[in-house]
Amino acid sequence: MSVTSASPSHDRPHWLALDRLGVLITLILLSSFLLPFALFRANRILLGDGLPLLASMQPVAASVLLLALAFGVGAALLRLPALIKLAAGFGVLTILFIAMGLSAETLMPADNNYARVSPAAGFWVLVFGLALLVTDALTRLRLGPWTRIGILLGVCGAFWALLWSGLWNELSILKEYANRAPAFWNEARTHLLLAFGSVAIAAIVGIPLGILCYRVRPVRAALLNILNIVQTIPSIALFGLLIAPLAWVAANVPGAKASGISGIGVAPAVVALFAYSLLPIVSNTVVGLLGVSAPAVDAARGMGMTWLQRLVQVELPLAFPVILTGIRIVLVQNIGLTTIAALIGGGGFGVFVFQGIGQTAMDLVLLGAVPTVVLAFAAAVVLDAFVELTSRGGRRA
Amino acid sequence: MIEIDSIVKTYEGVPVVDAVSMTIQPHTICAVVGTSGSGKTTLLRMINRLVTPTSGTIRIDGEDIRGIRPYELRRRIGYAIQGHGLFPHWTVAQNIGAVPRLLKWSKADISARINELLELFQLDPSQYRDRFPSELSGGQQQRVGVARALAARPNILLMDEPFGALDPVIRAKAQEDLVAIQQRFGTTVVLVTHDMEEAIYLGHNIAVMDAGKLLQFAPPKQVIGRPATPFVQELIGTSERPFRLLSLSKIADHLEDGDADGDPLPATATLRDAYSELLWSGRSAAPVEKDGRLVGRVSLDALARLAARPQ
């Protein structure tokens, strides 16, 4: 008789045991029933009434959703393989999103363009609980970078299909979108241009500055300190501070105005975002270069590489994953920060956020905030995957 | 020939290498021994201008190295260091081909040279060319490191504790390989080590350094028999002296006529091996064989005479 067969779980399958995170997810999902599922308002700026799940949709839709949620709880609670948990999480989320659309269709009175139906706290708690299930499963699966990008594309595709199908058209946030579709895409373009453009300029300037800091020690302390100070200026203040000098440049430097420079608008926004991006890029470049294995650098010198050959062939390739990590930090940061650029007329999704705050129209705030969050999240996933891809082979030793 | 002429290196006024002069003959191995902080590594790094001397001259084949651009000088001199210093993002083939590529050899020449060196170091090219350093064992990484240093057929090879990170068995093999390769190509080797045993085994000449000064520069036999200072004697180890002396010669060089009982010893073994074997098997003499036939004998009495302090 073998010793191992004496374990208590011998006569029970392995998966028939409680998953500790699953208990937490179950509690989160159950707590959502104490909160309203959907919010009905007579018009877009009123407070409105919260409706429980059962009162939010047709009985058939409600029972399907409840069944799916029960299934999700089962998948969370039991120690099932991560792949099954992942499939369950995505499946229940899909049904939940479809149900939300159906709920809006049910609740919206006919021929009334002023009423609004939006997701309420209960819905968001359900989304959070299921997202936890999905994230936990993804973490356990330890997927490779390409698979992660693939899943991201899949999720984006699913969302696009959901929006394209028109299932969500009765939801408040899409009502706001329908009223502003051309402006939305216009601001989206501005937002991307500001966020990616400022990071690109910061990379073009910051990486050489980082190399300079790495090679010339006195410059390193001075420059990093200055950039540290810039980083601590509150973002709204920095946007504001740039108005006066750029207005002066526009007025006094010939040709500046013609090339689009002015005290408000895109120019100060790009300058401010660029200033915030420099520190992470410069410092990550320095840290990455300093982290290159000393024997490798010594060998490169000893075999007769010139400093440029050493930099291009050995130091930069080995430091690249760390530099890319800096770019990832800055890109995610700038996608969020760009919303503030709207304050000084820079445009971007912030336009909707500040209009919404002004009109106390929360749906309009969401129309600006949700795409920003989605964009930042997608950028983080894609760049994390790239960081992992570039550090392969390189630093396994 | 490497001529080091009253070379000095000071850091903030403190001499690290203090007026060292020595001449390293071509086609020999010079082992530089010392404790850490003795200045041995700094001395080595001044030969390929990784460190600039404060004063003094170094000449290679009569040419002052200050007249050669550092990177051009370094491409002519092989350089191998402890922990191999291989580029982790390059394959074995790219690593070995690094200096030939800097020297703009043709692709075909580089590729042929890589295969030649891998075979020399008993690494099958078809299997190892495209591996990354992290996919090799410590001993293999070290061999690739030396192969890379030799890639452009340098006349001079500088080695800084090249075997320091290896376990004793692999280190012994690496030392044997180095001796074989040095004899085959006639490379002038300057090797820094803190291990006197290694210096005695490898060096045609040993340079003993302490606190930046060159205490003695002489063949191993003389360093063992006539240590220049008490420090050199301490480094050799008083109780080890006779055995180190024996380890310098092969049985073949001290054959006696006659015969003896028991298993024969190979003529290529060192006298130290012979002494050890005789003591262990309880014999006073043993036959010696060379190429499968008996050529004479070796005896405890003769070994005892050879182990005595040279006159």
Side-chain angles (χ1 to χ4, degrees), chain A residues 142 144-146 207 210-211 214-218 284-327 383 385-397, chain B residues 41 44-45 47-51 68-91 94-103 130-138 141-142 144-146 148-152 154 157-162 164-165:
Chain A
R142 294 170 193 279
W146 287 117
I207 293 173
I211 294 167
Y214 164 68
R215 293 195 60 86
V216 190
R217 204 177 264 271
N284 271 51
T285 306
V286 176
V287 169
L289 289 171
L290 288 175
V292 175
S293 94
V297 177
D298 188 41
R301 262 172 52 118
M303 72 170 51
M305 286 191 182
T306 62
W307 76 267
L308 192 64
Q309 287 167 334
R310 212 162 71 226
L311 187 70
V312 173
Q313 297 183 31
V314 179
E315 291 168 328
L316 279 181
L318 289 177
F320 189 65
V322 184
I323 299 174
L324 200 59
T325 306
I327 292 178
L383 280 171
F386 280 161
V387 169
E388 202 177 314
L389 280 174
T390 52
S391 43
R392 286 191 161 187
R395 296 203 172 187
R396 263 176 308 182
Chain B
T41 294
L44 183 85
R45 291 165 70 89
I47 298 176
N48 65 356
R49 293 190 65 180
L50 283 173
V51 172
I68 313 169
R69 281 170 206 261
Y71 64 85
E72 282 172 1
L73 176 73
R74 290 175 200 149
R75 288 171 192 177
R76 284 165 36 183
I77 299 177
Y79 184 57
I81 53 179
Q82 177 170 11
H84 61 76
L86 294 176
F87 302 137
H89 60 307
W90 283 5
T91 62
Q94 286 172 311
N95 266 288
I96 295 179
V99 184
R101 215 160 35 242
L102 291 174
L103 292 168
D130 298 324
R131 289 206 191 175
F132 284 93
S134 55
E135 296 165 328
L136 303 176
S137 71
Q141 290 174 342
Q142 195 277 335
V144 174
V146 178
R148 180 175 69 176
L150 292 170
L157 175 61
L158 306 180
M159 306 181 95
D160 190 356
E161 306 240 10

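Per chain, numbering begins at 1; letters A, B, ... match sequence-line order.
For chain B, the nearby parts of A/Q313 are the backbone and the side chain; heavy atoms of each come within less than 4.5 Å. Contacts of A/A294 with chain B are absent, with no heavy-atom separation under 4.5 Å from either backbone or side chain. Heavy atoms of B/L50 lying under 4.5 Å from chain A belong to its backbone as well as its side chain. In this structure, chain A has a heavy atom under 4.5 Å from the side chain of B/R148, while its backbone stays farther away.
In this view, B/Y71 satisfies the side chain to side chain donor-acceptor pair (under 3.5 Å) rule with no residue, not counting sequence neighbours.
Counting heavy-atom pairs closer than 4.5 Å to chain B, the top residue among A/A299, A/A296, A/P295, A/G302 is A/G302. Interface remark: of the candidates B/L158, B/L102, B/V99, B/L86, B/L102 forms the most heavy-atom pairs closer than 4.5 Å to chain A.
B/R75 has its side chain out of reach of A/M303: every pair of non-hydrogen atoms, C-beta onward, lies at least 4.5 Å apart.
Applying the salt bridge (Lys or Arg N to Asp or Glu O under 4.0 Å) test to residues at least two apart or on different chains, the pairs with a partner in residues 294-303 of chain A are A/D298-B/R45.
Heavy atoms only, all atoms of each residue included: B/H89 and A/P317 are closest at CD2-CB, 3.6 Å.
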